[in-house]
Number of protein chains: 2
Amino acid sequence: MKKKSKVNIKDVAARAKVHPSSVSRVLNPKTRGMVSEEVAARVMRIAEEMGYSRSPLASGLRTGKSYTVGVVVPDLVNPLFPPIVRGIERVLSDHNYIAILADSDNNRLHEDAILKSMKVRAVDGLILATAHRKDKIVDQCIEEGIPLVLVNRTVDGRDVDSVTTDDAKGIQWAAEHLLELGHRNIAYLGGPTDTSTGNDRYQAFLRMMKASEIKSSRALVHNAKAFNEQAGYDGMMHLLEKGEAFSAVVVANDLLALGCLDALQERGLECPGDISITGFNDMPFMDRLQPALTTLRIPHTQIGREAARLLMAQINEPGRARVALKLDPELIVRGSTAAAGK
Amino acid sequence: MKKKSKVNIKDVAARAKVHPSSVSRVLNPKTRGMVSEEVAARVMRIAEEMGYSRSPLASGLRTGKSYTVGVVVPDLVNPLFPPIVRGIERVLSDHNYIAILADSDNNRLHEDAILKSMKVRAVDGLILATAHRKDKIVDQCIEEGIPLVLVNRTVDGRDVDSVTTDDAKGIQWAAEHLLELGHRNIAYLGGPTDTSTGNDRYQAFLRMMKASEIKSSRALVHNAKAFNEQAGYDGMMHLLEKGEAFSAVVVANDLLALGCLDALQERGLECPGDISITGFNDMPFMDRLQPALTTLRIPHTQIGREAARLLMAQINEPGRARVALKLDPELIVRGSTAAAGK
DNA sequence: GTGAAAGCGCTAACAC
DNA sequence: GTGTTAGCGCTTTCAC
């Protein structure tokens, strides 16, 4: 127990026989140039020797920065988010930033409270995975000039950094895969259209209906109220009750797809024998289902990494233009899709 | 855009016509008694009206507290941890604390770096899910007096707060379940014994071998090198190669169990027809496998909540005795276990 | 019970 | 290029 982290900038200054402000200048890359090479070298060596490390609290209080980034996810238990968070965290730690994590539980009130708490703690930026297409929280951050990056979902018509999967491509590839297997009567089960993921996937499917040989009618296009298993079950039941024949369903999310499988089983229908199903996300263990799920793998970790990079860039280059990054998913073909039977 | 969070303690003091220090006293529950009721009421009202909220950075700089807790997990992508983190986060936010999350990627070097970063940021306490039975990081925290709570795993012979599953009970219940199904030749596939989870489950199985009608030999007890699918596959192959007959395996972890299932399939053995399998953790979708996995459900969220509560208690009541909380798992019987056949 | 003054550790504006 | 000075927002002695 020799060197408690008690050593501060004054101690270093005293040992190096310079003023604390010189130490400060040396230790900040942006001001190091103001100081003679000789002093810089000495101070760095001594700081190292003494095991000095700057107090982010104190420096933050002075500069208004906290070297802290808020990360808000709607539901950490959804396997979609942990790898994203992990990617974010990796890149942040490379920049000596840390992530404050909050889970909004898909609840706007929680989101408000979280945002307040983040602001009070002077986070230097925010990464939100909770955005809706119209989103007050996002608007508020933009107005107040808080650096912001959206992940997974984005908002409508706002100039904001975002990193998402190319949802349209994903849906297109799923539909094309089914077409290649000979399916023509293809239904669509989507998610909430107040999220960009729900809406973009929905619009993509509608475009496919116009542009391809898909024969099914709008009656077989249905958007569920949530991205979960219950909504998937309900949605599939809804489609089955239309009475219009279909041999495949493009489903906008794996959890929805799981619900679909439950519904099929309950109705005594086989997948893929009677109906082929595609999902979206490639959650863990989807390869171990019976049948294994054909789905779109999204580059979770990369989404997180890119988001953190964009945020760092935004913080360090104030005038920087916003970018909406769309990363390609990958179609993973498994047992839940098969050639159109009859 | 009227009230940016710019309003500080001075502003409130001015409007309330008192000195900033009085405002400080009012706003801190522990010093509120020093102030007249009248002033207290007025200050609180005005602070509320002005939308004042204390800057944790500034107050932290003064008091040495940061209202921040570090949470370190070995792998956020392992479905075990997100619900724990979520439980932690919930309770912390009730106490106006926030969680700084870090993922050590099962890597000691990362852990060191993370610990350093946490200390520099003056976290008021740490919740670690990464502990090994002998753990330098844990020792270090204890020596330096950093409030600490271990989750999921604990350490050997140190007086430290911890919240774990009652691993021994879990293994006992799994074994008893198999015994009731008529199995007598029961193998055990465990995990790394340098973790308390690996060791406690292993010891529990050894006790069961002595105390029950289990007939198999020590040759059928094997500990894998890691808690993952590959290790499970290797471990099962190892057991099968012993040449000693068994009709069931108690497996110490779901991921290991998945690997076991792969090995069985490769060898043309059926589960549960030829060999019954039990897991541990009840990860998401384990009910959807073929066969669905009989396993022990862990009270993840509760583990997280209790850990956060213990940490808050430790921070607020310095002399408090340490407690090692063990929560019961729940045996979930599914298709991977069946009556002993032959 | 309340105000005054000092200072947590650091940085930025200003001198020299 | 370096030292001086002031102060970020808050809490905590210490007076009165």
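Just so we're on the same page: letters track the sequence lines, and every chain starts at 1. Basis for what follows: all heavy atoms, side chains included, without hydrogens, waters or symmetry-related copies.
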Undergrad: Which nucleotide sits closest to the side chain of Ser55(B): dC10(D), dT2(C), dC10(C)?
TA: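 Minimum distance to the Ser55(B) side chain belongs to dC10(D).
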Undergrad: Using whole Å, what does the distance between atom P of nucleotide dG3(C) and atom NZ of Lys17(B) come to?
TA: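 Result: 12 Å.
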Undergrad: What I want to check is whether the side chains of Thr195(A) and Thr197(A) have a donor and an acceptor closer together than 3.5 Å.
TA: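 On atom types as modelled, these side chains qualify, holding a pair under 3.5 Å.
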Undergrad: Figure out the CG/P separation between Leu61(A) and dA6(D), and round it to whole Å.
TA: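 Nearest whole value for this atom pair: 18 Å.
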Undergrad: Taking atom P of dC8(D) as reference, at what distance in whole Å does atom NZ of Lys10(B) sit?
TA: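 About 5 Å, once rounded to whole Å.
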Undergrad: State which residues pass salt bridge (Lys or Arg N to Asp or Glu O under 4.0 Å) with Arg90(B); sequence neighbours excluded, sorted by chain then number.
TA: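 With neighbours one apart ignored, the set is Asp105(A).
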Undergrad: Using only atom types and a distance under 3.5 Å, with no angle test, would you say the side chain of Arg153(A) pairs donor to acceptor with the backbone of Val151(A)?
TA: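 Answer holds: no.
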Undergrad: Tell me the interatomic distance from Arg32(A), atom CZ, to dT11(C), atom C1', rounded to whole angstroms.
TA: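 Computing the Arg32(A):CZ to dT11(C):C1' distance gives 15 Å.
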Undergrad: Please give, in whole Å, the distance from dC10(C) P to Tyr67(A) OH?
TA: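 After rounding, the gap between these two atoms is 12 Å.
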Undergrad: State which of dG1(C), dG9(D), dG3(D) makes the closest approach to the side chain of Ser36(B).
TA: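 The nucleotide sitting nearest to the side chain is dG1(C).
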Undergrad: Identify, between Val35(B) and Leu57(A), the residue whose nearest nucleotide on DNA chain C lies closer to the 5' end.
TA: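 Nearest-nucleotide comparison on DNA chain C picks Val35(B).
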Undergrad: Determine whether a donor-acceptor pair (N or O, by modelled atom type, separation under 3.5 Å) exists between the side chain of Thr68(B) and the backbone of Ser66(B).
TA: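 It does hold such a pair.
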Undergrad: Between Asp11(B) (side chain only) and Asn8(B) (backbone N and O only), is there a donor and an acceptor less than 3.5 Å apart?
TA: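 Answer holds: yes.
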Undergrad: Provide, to the nearest angstrom, the distance between the CG atom belonging to Asp11(B) and the C1' atom belonging to dG9(D).
TA: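 One finds 11 Å between C1' of dG9(D) and CG of Asp11(B), rounded.
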Undergrad: For DNA chain C, whose closest nucleotide is more 5', that of Ala58(B) or that of Ala40(B)?
TA: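 Going by which nucleotide is closer to the 5' end, it is Ala40(B).
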Undergrad: Between Leu27(A) (CG) and dT2(D) (C1'), how many Å, whole number?
TA: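 Atom CG in Leu27(A) sits about 16 Å away from atom C1' in dT2(D).
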Undergrad: Between protein and nucleotides 12-16 of chain D, what N or O pairs are separated by less than 3.5 Å?
TA:
none

Undergrad: Apply side chain to side chain contact (heavy atoms under 4.5 Å, CB included) to residues Met118(B) and Val72(B) and explain how you reach the verdict.
TA: CA-CA 10 Å; Met118(B) 299 274 180; Val72(B) 190; 4.1 Å; yes
Undergrad: Begin with the C-alpha distance, continue with both residues' side-chain angles, and end with the deciding distance and a verdict on side chain to side chain contact (heavy atoms under 4.5 Å, CB included) for Val18(B) and Val23(B).
TA: CA-CA 7 Å; Val18(B) 290; Val23(B) 176; 3.8 Å; yes
Undergrad: What is the separation between atom CZ on Arg54(A) and atom C1' on dT11(C), rounded to the nearest whole Å?
TA: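 Roughly 10 Å, once rounded to whole Å.
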Undergrad: What's the angle between the local helix axes at either end of the helix from dG1(C)-dC16(D) to dC16(C)-dG1(D), using five pairs per end and rounding to 10 degrees?
TA: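 It comes to 40° between the two terminal axes.
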Undergrad: Between the side chains of Asp124(A) and Tyr97(A), is a donor N or O closer than 3.5 angstrom to an acceptor N or O?
TA: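 There is such a pair (donor and acceptor under 3.5 Å, judged by atom type) between the side chains of Asp124(A) and Tyr97(A).
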Undergrad: Using only atom types and a distance under 3.5 Å, with no angle test, would you say the side chain of Asp161(A) pairs donor to acceptor with the backbone of Val323(A)?
TA: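 Yes, the answer is positive, given that a donor and an acceptor are paired below the 3.5 Å cut-off.
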